[in-house]
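Since the structure comes first, as structure tokens, the remarks are kept for the end.
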Amino acid sequence: MSLKLFNTMTRQKEEFQPRESGKVAMYVCGPTTYNYFHAGNGRMFVVFDMIRRYFMYKGYDVRYIQNFTDVDDKIIQRGKVEEMDPLALGQKYIEEYFKDAKELNLLPATIHPKATEHIPEMIEIIQELVSNGLAYETDGDVYFAVDHFPNYGKLSGRTLEDMKAGARVEVDERKHHPMDFALWKKAKPEEPFWESPWGNGRPGWHIECTAMSLKYLGSGFDVHGGGEDLVFPHHENEIAQTEGYLKGQTFAHYWMHNAFLTINQEKMSKSLGNFFTIRELLAKFSGEVIRFYLLGTHYRSPLDFNDQNLVMAQKGLERLHTSIRLAQEALDREGSSSNEQIEAELFKAAKEAREAFEKAMDDDFNSALAYAALFELAKTMNGCVQENPAPSEALATAQKTLLELGGVLGIDLLHSVLVPAANDETLKQVMEVVLQIRSRSRQKKDWEMADFIRDALKDKGIVIEDTPQGARWQIRGN
RNA sequence: GGCGGCAUAGCCAAGUGGUAAGGCAGAGGUCUGCAAAACCUCUAUUCCUCAGUUCAAAUCUGAGUGCCGCCUCCA
């Protein structure tokens, strides 16, 4: 099965052909670390983590680079507000990134390079661009000369003429062309700086990605990703400076961009102020629910965020968890199934789910469509377990398939089995006694006591469900 | 002004020419002391509007309406 992905550069789905057989090299633009990352950033991280995991599932050895922009205007500005050294502030939010990333079940990148640790590499590239005539220095700043780079605008599908018509660019007398962008910025007093051939200063925003992606992935790597708003100017400028530096070699082959998270149909963004952080959201929903929600819409479609939709996602996710749990209960029973018809059905369902899942994901990572495969497998498993609650290889295979496919999306469905049952021996024993007491009440038809126990435990987050095979319990909640 | 995207049931959301996935919510049923979970059945003759192409259109074309994004820091 071939994998197709949408390439922003060509505006169509293309069959994925890796630079090097069996390997995927990808670079994803990471956060600027001046705050906790917001839900929109979170969508991007989750989307590209899902893409990475699917590449891995397909057997690729994935080298995944995600940077930290730990010096820029916003960090400096925020440092002033918090009365903190800007570079220390950057480090602080790098640490906070990893906390939230863990909750969202994001795999750590192969390398998480920091901009501040790659200044010499950037200076070298800038020097080369200057000597190639693609960049020029003006009063301590260095700019890239966009009109010296043929095809400027090829990624975003616009020309320099189009952009002039926009006329939203402030005229800066020091630039040769209004669209020229900074490679190096002269330091103002009290700003962090590094020494350079052009005096003390710091790098422009775009150059870090060029330096770090080339250092860790080399030229012509496979996938470069980020949010839709990075297409222009960030990625456009990266291409100009990198391909200028590489004298025309291709920078990256596939450019992938996720659509925005919106709130009340408007883009969530820091400048509009209508954002909330993943950290805030984690107070209300588990990282798993947030992740499940974010992947429930194709990554190139806008996603409108609100609590009601999160609740719907949570319920759906619970359904998958329940299915794993019900299967586990059957598998834990004594004996074995001898119902060949049901076993055949389970094997078939597992096979079909995998095929449907792969078909969906092969088509530009259609995780929303892949969900349908998971739900259908869960439904078949539930029905089979209900009819024939006995262990069988088929049931184990079906359960394993559901766990595996969920795992490819970064959803850990096994958690529901482990948490209530395995962790706390004392709690387990206490619950055994409690359920015995309740069982006796029920035998005596003391429904009041039986219901009291159930309701009281429910208040504490422990849910009791009666089944023909006796009561079961689990810990609910986030 | 330039460029681009989107419009599918009460809600979320797949589907880019062959006759509307999946989830949530809702209705009825099975099971149950009750509940929960699970299972079964039902819930869009129709995909923003109007025209056109076609044997066939949610899917293609044209016009219109509405919403959104990029063009400035933004994932």
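Order of the sequence lines fixes the chain letters, A, B, ..., with proteins taken first and strands second; residue numbering starts at 1 for each chain.
- Here, B/A21 and B/G15 have their C1' atoms 7 Å apart, quoted to the whole Å.
- Comparing the C1' positions of B/U19 and B/C24 gives an interatomic distance of 27 Å, to the nearest angstrom.
- Residue contacts shown for A/Asn41 include a base, since a base heavy atom lies under 4.0 Å away.
- In this structure, A/Glu96 pairs ionically with A/Lys99, as a charged nitrogen and a carboxylate oxygen lie closer than 4.0 Å.
- Within the 4.0 angstrom heavy-atom criterion, base atoms lie near A/Gly40.
- Between A/Tyr97 and A/Phe37, the ring planes are tilted. Angles from 30° to 60° get that label.
- Pairing for B/G1 is with B/C71, a Watson-Crick or G-U wobble pair whose two hydrogen-bonding atom distances lie under 3.5 Å.
- Distance check on atom C1': B/A27 versus B/U65 gives 36 Å, rounded to whole Å.
- The environment of CD in A/Glu15 is crowded: more than 12 heavy-atom neighbours from other residues, nucleotides or ligands sit within 6.0 Å.
- Aromatic pair A/Phe276/A/His38: ring centres not closer than 6.0 Å.
- Taking the six-membered ring for Trp and the full ring otherwise, A/Phe55 and A/Tyr64 have centroids separated by 6.0 Å or more.
- Aromatic ring centres of A/His257 and A/His235 lie closer together than 6.0 Å.
- Ring to ring, A/Phe275 and A/Tyr36 are not that close: their centroids are 6.0 angstrom or more apart.
- In this structure, A/Leu272 reaches neither bases nor backbone, as no heavy-atom distance under 4.0 Å exists between it and the strands shown.
- Between B/C48 and B/U8, the distance separating the two P atoms is 6 Å to the nearest Å.
- Nucleotides B/C67 and B/U43 place their C1' atoms 28 Å apart, quoted to the nearest Å.
- For A/Lys315 and B/C24, a side-chain-to-base donor-acceptor distance below 3.5 Å is absent, hydrogens and geometry of angles not being considered.
- Residue A/Lys267 places no side-chain N or O under 4.0 Å from the OP1 or OP2 atom of B/A75.
- Base-pair partner of B/C42: B/G26 (Watson-Crick or G-U wobble, both distances under 3.5 Å).
- A donor-acceptor contact under 3.5 Å is not formed by the side chain of A/Arg43 with the base of B/A75.
- Applying the Watson-Crick and G-U wobble criteria (two distances, each under 3.5 Å), B/C31 pairs with nothing in any strand.
- Base engagement by A/Phe260 is indicated by at least one non-hydrogen atom pair under 4.0 Å involving a base atom.
- Taking atom P on both B/C60 and B/C6, the two are 10 Å apart, rounded to the nearest angstrom.
- Residue A/Gln341 qualifies as open at atom CD: its count of foreign heavy atoms under 6.0 Å is 12 or below.
- Residue side chain A/Arg319 does not reach the base of B/C24 through any donor-acceptor N/O pair under 3.5 Å, judged by distance alone.
- Under 4.0 Å is where a charged nitrogen must lie from a carboxylate oxygen, and between A/Arg158 and A/Glu236 no such pair does.
- For the contact set between residues 95-104 of chain A and RNA chain B, defined by any heavy atom under 4.0 Å, there are no members.
- RNA chain B is contacted by both A/Ala373 and A/His206; A/Ala373 maps to the nucleotide lying nearer its 5′ end (nearest heavy atom per residue).
- Using the Watson-Crick or G-U wobble rule with both distances under 3.5 Å, B/C50 pairs with B/G62.
- Nucleotide B/C55 forms a pair with B/G18, judged by Watson-Crick or G-U wobble geometry with both contacts under 3.5 Å.
- Residue whose closest nucleotide on RNA chain B sits further toward the 5' end, between A/Phe232 and A/Arg454: A/Arg454.
- Among the heavy atoms of the strands, none lies under 4.0 Å from A/Glu387.
- Taking the six-membered ring for Trp, A/Tyr152 and A/Phe149 have ring centres at least 6.0 Å apart.
- Atom pair A/Met268:CE and B/G69:C1' shows a separation of 15 Å (rounding to whole Å applied).
- More than 12 heavy atoms of other residues, nucleotides or ligands lie within 6.0 Å of CZ in A/Phe98, so this atom counts as buried by the packing criterion.
- Checked against the 6.0 Å centroid criterion, the rings of A/His206 and A/Phe181 qualify as a close aromatic pair.
- In this structure, A/Asp364 pairs ionically with A/Arg300, as a charged nitrogen and a carboxylate oxygen lie closer than 4.0 Å.
- Only the P atoms considered, B/A14 is 32 Å distant from B/G1, to the nearest whole Å.
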inquiry  = At under 4.0 Å between heavy atoms, how does the protein contact nucleotides 12-17 of chain B? Give one character per nucleotide, 5' to 3', with B, S or -.
reply    = SSSS--
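- Not one side-chain nitrogen or oxygen of A/Asn258 sits closer than 4.0 Å to the OP1 or OP2 atom of B/A75.
- Residue-level contact check: A/Ile464 touches the bases, meaning some heavy atom is under 4.0 Å from a base atom.
- Comparing B/A36 with B/A44, their P atoms sit 26 Å apart, to the nearest whole Å.
- Within 4.0 Å (heavy atoms only), A/Ala259 reaches at least one base atom of the nucleic acid.
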message = I need a per-nucleotide contact map over nucleotides 27-32 of chain B, read 5' to 3'. Cutoff is protein heavy atoms under 4.0 Å; write B for the base, S for backbone only, - otherwise.
response = ------
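- Contacts of A/Arg438 with the nucleic acid, taken as non-hydrogen atoms under 4.0 Å apart, include base atoms.
- For B/G33, the base has a donor-acceptor partner in the side chain of A/Asp451 [N/O atoms by modelled type, under 3.5 angstrom].
- In this structure, A/Phe68 has its ring center at least 6.0 angstrom away from the ring center of A/Tyr93.
- Note on A/Arg472: nothing from the nucleic acid sits closer than 4.0 angstrom, heavy atoms only.
- Backbone-only engagement by A/Lys379 is indicated by non-hydrogen atom pairs under 4.0 Å involving sugar-phosphate atoms exclusively.
- One finds no salt bridge joining A/Asp455 and A/Lys458 here, because no Lys/Arg side-chain nitrogen approaches an Asp/Glu carboxylate oxygen to under 4.0 Å.
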